Student: 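One structure, pasted below without further comment.
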Number of protein chains: 2
Amino acid sequence: MTYDMIFTALADPRRRNILQQIATQPMSVAQLADQHNVSRPAISQHLKILTDAGLLSVTPKGTKRIYQINRDGLAPVRAYIDGFWDDALTAFQDHIINQAKD
Amino acid sequence: MTYDMIFTALADPRRRNILQQIATQPMSVAQLADQHNVSRPAISQHLKILTDAGLLSVTPKGTKRIYQINRDGLAPVRAYIDGFWDDALTAFQDHIINQAKD
DNA sequence: TCATATCGTAAGTCATAACTTACGGTAAGT
DNA sequence: ACTTACCGTAAGTTATGACTTACGATATGA
């Protein structure tokens with residue numbers, strides 16, 4: 001659930017596709033393996049990384065496991081990006097102020 | 001400037017640290033190399049990746065090159081994350097509606 | 001209980017990515 | 001013109017990460 005885990009999870013294009021697909025419709029592992037052109041274990045490994053990062057959650061349904069977006073898991077990403085934005089903004093303001101002092 | 005470039009750029013912890021540092025204060029390459037414990041070329045390579053992703057911009061100053069946050073570059077990240085959030089929300093609403101139909 | 005469906009994990013392979021050293025290139029000062 | 005400061009790129013090395021096959025575990029239905 002660290003920033004590192006979250007951004008590592010989002011770095012892989014396949015995982016972003018999986019995430020996008022699950023966002024529009026919760027799905028089982030086999031379903032995902034069908035749509036993306038990789039083996040089922042590969043999907044499982046991706047899902048583990050996404051789940052550990054807090055971006056997905058699972059609900060067992062029979063022998064299946066339905067994965068769905070954990071909307072709360074997306075918040076830290078926004079917060080992190082917004083942090084950069086705010087820091088850059090205040091740095092810029094300071095820069096202007098210092099310029100004005102000359 | 002693709003999503004892939006942006007998330008790849010953000011995936012490396014060293015690059016996130018560089019970004020954070022530059023966000024609070026625009027800096028030269030040598031300055032960054034001092035603070036992080038790596039060689040100057042390594043920093044240059046990271047800065048290229050961050051710049052190509054649209055997250056940084058450069059302004060030459062003498063022989064130095066001052067890197068600063070490109071605030072506009074952060075917007076796509078938020079937009080992308082918000083997209084997941086919205087998709088998941090509508091998917092959830094559809095789920096509720098379908099449940100109500102039974 | 002036995003067979004089937006669905007899935008997670010382990011082990012091994014291969015590409016990628018982060019680092020280093022070496023080199024070349026441009027701007028500023030003498 | 002020459003030296004110095006500062007930087008980008010190329011080449012090579014090493015660790016990491018995404019994939020596959022093989023195996024084991026659990027839940028469902030006959």
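All values reported here derive from a predicted model rather than from experimental measurement. Chain A is the first sequence line, chain B the second, and so forth, proteins listed ahead of strands; every chain is numbered from 1.
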Student: If you only use heavy atoms from C-beta on, which nucleotide in C/dA18, D/dG8, D/dC19 is closest to the side chain of A/Val38?
Tutor: D/dC19
Student: Quick one: does any side-chain atom of A/Asp87 pair with a main-chain N or O of B/Thr24 as donor and acceptor, under 3.5 Å?
Tutor: no
Student: Between D/dG8 atom P and B/Leu32 atom CG, what is the distance in whole Å?
Tutor: 10 Å
Student: Okay, side chain of A/Arg78, backbone of B/Asp82: is any donor-acceptor separation there less than 3.5 Å?
Tutor: no
Student: Given C/dC19, D/dT28, D/dG8, which nucleotide is nearest the side-chain atoms of B/Val29?
Tutor: D/dG8
Student: To the nearest angstrom, how far is B/Arg16 atom CZ from C/dA17 atom C1'?
Tutor: 15 Å
Student: By nearest atom, which of the nucleotides D/dC19, C/dC7, C/dA18 is closest to the A/Lys64 side chain?
Tutor: C/dC7
Student: Judged by each residue's nearest nucleotide on DNA chain D, which is more toward the 5′ side, A/Lys61 or A/Ser39?
Tutor: A/Ser39
Student: Starting at atom CG of B/Leu10, determine the distance to atom P of C/dA17, rounded to an integer number of angstrom.
Tutor: 15 Å
Student: Say whether B/Ile81 and A/Phe84 are linked into one hydrophobic cluster, either directly or through other cluster members, by side-chain heavy-atom distances under 4.5 angstrom.
Tutor: yes
Student: Calculate the interatomic distance between B/Ile18 atom CD1 and C/dA18 atom C1'; express it in whole Å.
Tutor: 11 Å
Student: Base, sugar-phosphate or nothing for A/Pro60? Non-hydrogen atoms, less than 4.0 Å.
Tutor: nothing
Student: Nearest to the side chain of B/Arg40, heavy atoms from C-beta on, is which of D/dA11, C/dC23, D/dT20?
Tutor: C/dC23
Student: I'd like to check A/Leu47 versus A/Ile22 (side-chain heavy atoms, cut-off strictly below 4.5 Å). Are they in contact?
Tutor: yes
Student: Is any N or O donor-acceptor pair between the side chain of B/Gln45 and the base of C/dT20 shorter than 3.5 Å?
Tutor: yes
Student: Given D/dG8, is OP1 or OP2 found less than 4.0 Å from the side-chain N or O atoms of B/Ser44?
Tutor: yes
Student: Starting at atom CG of A/Asp52, determine the distance to atom C1' of C/dG8, rounded to an integer number of angstrom.
Tutor: 12 Å
Student: Think B/Tyr67 has a side-chain N or O under 4.0 angstrom from the OP1 or OP2 of D/dC6?
Tutor: no
Student: In terms of side-chain heavy atoms of B/Thr63, which of D/dC19, C/dA28, D/dT9 is nearest?
Tutor: C/dA28
Student: To the side chain of B/Arg15, which of C/dA18, D/dC7, C/dT20 is closest?
Tutor: C/dA18
Student: Calculate the interatomic distance between B/Asp34 atom CG and D/dC7 atom C1'; express it in whole Å.
Tutor: 14 Å
Student: Which nucleotide wins on minimum distance to the side chain of B/Arg65, given the candidates D/dG8, C/dT6, C/dA28?
Tutor: D/dG8
Student: Please pick, from C/dC19, D/dT20, C/dC7, the nucleotide with the shortest atom-to-atom distance to any side-chain atom of A/Ser28.
Tutor: C/dC7
Student: Check the phosphate of D/dC19 against A/Arg14, side-chain N and O only, distance under 4.0 Å to OP1 or OP2. Yes or no?
Tutor: yes
Student: Report the distance from atom CE of B/Met27 to atom P of D/dC7, rounded to the nearest whole Å.
Tutor: 11 Å
Student: Identify which nucleotide among C/dG8, D/dA18, C/dC19 has an atom closest to any side-chain atom of A/Ile49, counting heavy atoms from C-beta outward.
Tutor: D/dA18
Student: Which residue lies toward the 5' end of DNA chain D, A/His46 or A/Gly62, if each is placed at its nearest nucleotide?
Tutor: A/His46
Student: Is there a side-chain contact between A/Arg16 and B/Tyr80 in this structure, where contact means two heavy atoms from C-beta onward sitting under 4.5 Å apart?
Tutor: yes
Student: Output the single nucleotide from D/dC7, C/dC7, D/dC6 whose closest atom is nearest the side chain of A/Ala30.
Tutor: C/dC7
Student: Atom NZ of B/Lys48 and atom P of C/dC19: how far apart are they, to the nearest Å?
Tutor: 16 Å
Student: Do you reckon A/Tyr67 sits in the same ILVMFWY cluster as A/Met5, going by side-chain contacts under 4.5 Å, direct or chained?
Tutor: no
